[in-house]
Asks: 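Just passing along the structure, written as structure tokens.
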Amino acid sequence: MPEQHDPEIAAVIAATDDLARELDRAHVFHSWSAQSQTSSLVIASGRGCRVWDHAGTEYLDFSSQLVNVNLGHQHPAVVSAIREQAELLTTVAPATVNLARGEAAKRIVAHAPEGFRRVFFTNGGADANENAIRLARLATGRDKILSSYRSYHGNTGAAIVSTGDWRRIPNEFARGHVHFFGPYLYRSEFWATSPEEEGERALHHLRRVIESEGPQSIAAVLLETVPGTAGVLVPPPGYLAGVRELCDRHGILLILDEVMAGFGRTGRWFAFDGYDVRPDLITFAKGVNSGYVPAGGVVIDEPIAELFDERVFPGGLTYSGHPLAMASIVATLDAMESEGIVDNARDVGETRIGPALAELAERHAVIGEVRGEGVFWAMELVADRGTREPLPAAAMGRIKAALVERGLLPFVQDNRIHVVPPCVVTAEEVDEAMAIYGEVLGSSVE
């Protein structure tokens, strides 16, 4: 918790927030933003599920920043591990052997399916997907990558073109990408009326896309196991297993993007553990070390990894397996194991978040649908439940501002509020957040 100060000191501290804003406006160029319209919210520190500015104004973080602070802010074991590694060795070339790197890889593959033994480390999720695409193309000798329109895979060359949302369009400089519609029953592209119909028809659509593109030209299907930024779209029964079957039929690799959904977010170590599917390549980042140091990677099925035992893999990064990042991964995964964090995410989702969101939906007509699992949920807001017309951007802006004003940091995307607290969230913190959501949705919209 922030310390209390006398009025004189408090004034100096408040001025620090002003200085932070001044420096930001003068010198920082922000991502995905018109630079004149960036946030003025200052975050100086945090602990667990809470953050605060220099003046001590506190916020309950139900965004997990960018859905990456799975272990919560400033976990002492992870902070200590980074400090200890910094005192020992701050950086090392990726071609050398380093104990922290090996320990991190060992812990990651321990949670992967049998047959995954090796990890290629990257700096984040975008270059994890970038290198998974490269591996798939090299392994198959094919070019095309199929991915969903409702997806986000990162902001590097191939990853952004694999992305399906609007951010792809001004960045389409990579070749060999084809998009299809994945399942989304609430706004079905397939006139489905049940999850089973949606899954079957989405698989039929994907099969026709594969046939029309030429199976022999397709290297991989790239999917977020549970699409996150696109709306926390929990796949219907049988869909991912059906995608796996289509890939196997045509010699196509399956890449599952677990960048947002992995390492506890769904109440499982990997989201795909709940869907009867085994990928060929797994990409990860974010929750693997709670975002404390930039890190990501690709977990590689052994038949693919073996292709490069004697053949050079034409890819690499200066900071691949950076010691500080590796130490933070080891400490994060050890803490998640010893403290039962993944179980907490599952339990709090089942017993608190899910029921509370359902109750909110009963009280507020602006909520068209709630969906999710673990600590990975979305409320889809609509202007009219009958037509499912999305709530306009201006109304969403008012809701976001009202939530922040009441001390809650939301994750707002399009016409949705994503309810994505850290995996360490308590029942009491969930109740606190739900009361704020309810107050805002009752006063700002209705």
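What you see is a predicted model; the values in this text were computed from it and never measured.
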Asks: Quick one: are E197 and W191 in side-chain contact, heavy atoms under 4.5 Å?
Replies: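 A side-chain contact under 4.5 Å is absent here.
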Asks: What's the spacing between T229 OG1 and H418 NE2 if we round to 0.5 Å?
Replies: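 Here the rounded value is 7.0 Å.
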Asks: Donor-acceptor pair, T266 side chain versus G374 backbone, under 3.5 Å?
Replies: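 Flag not set: sc T266 to bb G374 has no pair under 3.5 Å.
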Asks: Check whether any side-chain heavy atom of V67 lies under 4.5 Å from a side-chain heavy atom of F376, and answer yes or no.
Replies: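 Sidechains of F376 and V67: in contact.
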Asks: Once rounded to the nearest 0.5 Å, what's the spacing between atom CZ of F284 and atom CG of N289?
Replies: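 Reported value, rounded in 0.5 Å steps: 9.0 Å.
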Asks: Could you check whether any side-chain heavy atom of V298 comes within less than 4.5 Å of a side-chain heavy atom of I282, counting everything from C-beta outward?
Replies: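 V298 vs I282: side chains apart.
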Asks: Could you give me the CA-CA distance, side-chain angles and deciding distance for R118 and D309, then say whether salt bridge (charged side-chain N to carboxylate O under 4.0 Å, His left out) is met?
Replies: CA-CA 12 Å; R118 288 188 266 186; D309 284 348; 3.1 Å; yes
Asks: Distance only, no hydrogens: is a donor on one side chain within 3.5 Å (strictly under) of an acceptor on the other, for H153 and T163?
Replies: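 Per modelled atom types, H153 and T163 side chains form no pair under 3.5 Å.
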Asks: Between the side chain of R137 and the main-chain N/O of D143, is any donor-acceptor distance below 3.5 Å?
Replies: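 A pair under 3.5 Å: yes.
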Asks: Is atom CZ of F190 surrounded by more than 12 heavy atoms (other residues, nucleotides or ligands) closer than 6.0 Å?
Replies: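 Yes, the 6.0 Å shell around CZ holds more than 12 heavy atoms from other groups.
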Asks: When you check the side-chain N and O atoms of E84 and S80, is any donor under 3.5 Å from an acceptor?
Replies: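 Side chains of E84 and S80: pair found under 3.5 Å.
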Asks: Measuring from S162:OG to I133:CD1, what's the distance to the nearest 0.5 Å?
Replies: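 S162 atom OG to I133 atom CD1 measures 3.5 Å (nearest 0.5 Å).
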Asks: For the pair F270 and F272, name the ring-plane relationship: parallel under 30°, tilted 30 to 60°, perpendicular over 60°.
Replies: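 It falls in the parallel class, under 30°.
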Asks: Dump the intermediate steps for side chain to side chain contact (heavy atoms under 4.5 Å, CB included) on L403 and Y437, then the final yes or no.
Replies: CA-CA 7 Å; L403 291 169; Y437 288 134; 3.8 Å; yes
Asks: Taking the side chain as C-beta and beyond, is there a heavy-atom pair between R167 and W32 under 4.5 Å?
Replies: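 They are in side-chain contact.
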Asks: Would you sort out whether D61 and R50 count as a salt bridge (charged side-chain N to carboxylate O under 4.0 Å, His left out), showing the intermediate values?
Replies: CA-CA 5 Å; D61 187 358; R50 298 181 189 274; over 6 Å; no
Asks: Between atom CD1 of I210 and atom NE2 of H205, what is the distance when rounded to the nearest 0.5 Å?
Replies: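 Answer rounded to 0.5 Å: 10.0 Å.
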Asks: Indicate whether any N or O donor in one side chain lies under 3.5 Å from an N or O acceptor in the other, for S151 and E224.
Replies: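 No pair is found: no donor N or O on one side chain lies under 3.5 Å from an acceptor on the other.
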Asks: Hey, which of D280, T283, V277 is the one that makes side chain to side chain contact (heavy atoms under 4.5 Å, CB included) with L256?
Replies: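 Output: one option passes, namely V277.
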Asks: Hey, are R416 and E380 close enough for a salt bridge, meaning a charged N less than 4.0 Å from a carboxylate O?
Replies: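 The answer is no: the pair does not qualify as a salt bridge.
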Asks: Say you draw a straight line from CD of E258 to CZ of R268; how long is it, rounded to the nearest 0.5 Å?
Replies: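 If we round to the nearest 0.5 Å, E258:CD and R268:CZ are 8.5 Å apart.
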Asks: Apply salt bridge (charged side-chain N to carboxylate O under 4.0 Å, His left out) to D248 and R244, showing your working.
Replies: CA-CA 6 Å; D248 289 343; R244 174 76 273 180; 2.9 Å; yes
Asks: Tell me whether the centres of the aromatic rings in F313 and F120 are closer together than 6.0 Å.
Replies: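 Close enough - the centres of the two rings lie under 6.0 Å apart.
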Asks: Is the ring pair F181/Y149 parallel, tilted or perpendicular, if the boundaries are 30 and 60 degrees?
Replies: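 Rings of F181 and Y149: tilted, 30 to 60°.
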Asks: With distance as the sole criterion, is a donor-acceptor pair present between the side chains of H75 and E339 under 3.5 Å?
Replies: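 Side-chain D/A pair, H75 to E339: present.
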Asks: Nearest 0.5 angstrom please: S290 OG to N70 CG, how far?
Replies: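 Reported to 0.5 Å precision, the distance equals 5.5 Å.
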Asks: Checking the side chain of N344 only, and the main-chain atoms of G340 only, is there a donor and an acceptor separated by less than 3.5 Å?
Replies: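 Checked: no pair found.
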